[in-house]
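Take a look at the structure below.
All values below were derived from every heavy atom in this structure, side-chain atoms included, with hydrogens, water molecules and symmetry-related copies excluded. Start at 1 with the first residue, then count along the sequence.
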Amino acid sequence: MSDLLDVHITYDFVCPWCWIGHHHLRAALAQTGMGDQVSLHFHPFELNPGLPPEGIARRDYRTRKFGSWERSLALDAQVAQAGEKAGAVFAFDKMEVTPNSRLAHRLIRFAESQGDAARKVHLHDAIYSAYFQQGRNIGSPDVLVDIAEQQGYAAAEVRAFLASNEGEAEVMAEETQAHQDGIDAVPHFRVGLNDVSGAQPPAVLAQLLMAGR
């Protein structure tokens, strides 16, 4: 039986506040000295489940969502400022597509099946970075295979997994469970019986971690 503290994170790879929240969690782990005392569990949540598999042009999507491209740019600037404080650098100018994140979530299910927790976390980080820093379409199987291969996973195995339906039911079941649990915004962090929503400051997440010890 593991003595590690289970930290449950509900997130979406296309959510900039989730990436900021992940940086805040890392800061909290450093502050508390608990970096090697936790087990991170990633639970999928899709902000845009209805997007086509190939995604949609980001400018078109954001203009429709926020009423104008100017409004979208203003919101991006606010996120970028918050990200800079957290150590999460965004390159919104490189992002041409708002992707469907289902495949990326399934890739994390594949990583879990491989049993290497540290490598799973590195893959999780790499998918975020590919989208927010490199502007890559993380809804593309080719892109995800490349990212996974760079993290030491066998490209042929990843490609076969993504081409199948493996992991699909699990992702959908977890998303349904999240809604049933009342999670309607991400990121969401749970440790034991305590939870918080949003990209909370490191101090708040540190309190959550300490309360769970």
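- Grouped with Leu73 in one hydrophobic cluster are Trp69, the linkage being side-chain heavy-atom contacts under 4.5 Å among Ile, Leu, Val, Met, Phe, Trp and Tyr residues.
- Interatomic distance, NE2 of His41 versus CG of Asp6, reported as 3.5 Å (0.5 Å rounding).
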Margin query: As a quick check of understanding, evaluate ring-ring contact (aromatic ring centres under 6.0 Å, His included) for Trp19 and Tyr131, giving each step before the final call.
Written below: CA-CA 10 Å; Trp19 199 41; Tyr131 181 51; 9.6 Å; no
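- Sorted by first and then second residue, the ring-ring contact (aromatic ring centres under 6.0 Å, His included) pairs with a member in residues 194-213 form an empty list; sequence neighbours excluded.
- Phe66 belongs to a hydrophobic cluster whose remaining members, ordered by chain and number, are Leu75; membership requires side-chain heavy atoms of ILVMFWY residues under 4.5 Å apart, directly or through intermediates.
- Aromatic pair Phe13/His22: ring centres not closer than 6.0 Å.
- By the side-chain contact (heavy atoms from CB on, under 4.5 Å) test, Ser164 is found to be paired with Arg106, Glu166, residues two or more places apart in sequence or in another chain being considered.
- Scored by the salt bridge (charged side-chain N to carboxylate O under 4.0 Å, His left out) test, Glu157 finds no partners at all (sequence neighbours excluded).
- Listed by chain and number, the residues in a side-chain contact (heavy atoms from CB on, under 4.5 Å) with Val143 are Arg136, Ser140, Ile147 (sequence neighbours excluded).
- Cluster partners of Leu51, using a side-chain heavy-atom cutoff of under 4.5 Å among ILVMFWY residues and allowing indirect links, are Ile56, Tyr61.
- By the side chain to side chain donor-acceptor pair (under 3.5 Å) test, Arg71 pairs with no residue at all, sequence neighbours left out.
- Atoms CE and CG, from Met210 and Leu205 in turn, are 13.5 Å apart once rounded to the nearest 0.5 Å.
- Residue pairs meeting the salt bridge (Lys or Arg N to Asp or Glu O under 4.0 Å) criterion with at least one member in residues 121-135, sequence neighbours excluded, are Arg26-Asp125.
- Screening residues 189-213 for side chain to side chain donor-acceptor pair (under 3.5 Å), with sequence neighbours left out, gives His188-Asp195.
- The number of heavy atoms from other shown groups lying within 6.0 Å of CG (Asp93) is above 12.
- Residues meeting the side chain to side chain donor-acceptor pair (under 3.5 Å) test with Glu96, sequence neighbours left out: none.
- By the side chain to side chain donor-acceptor pair (under 3.5 Å) test, Glu170 pairs with no residue at all, sequence neighbours left out.
- Using modelled atom types, one finds a donor on one side chain and an acceptor on the other under 3.5 Å when comparing Glu174 with His43.
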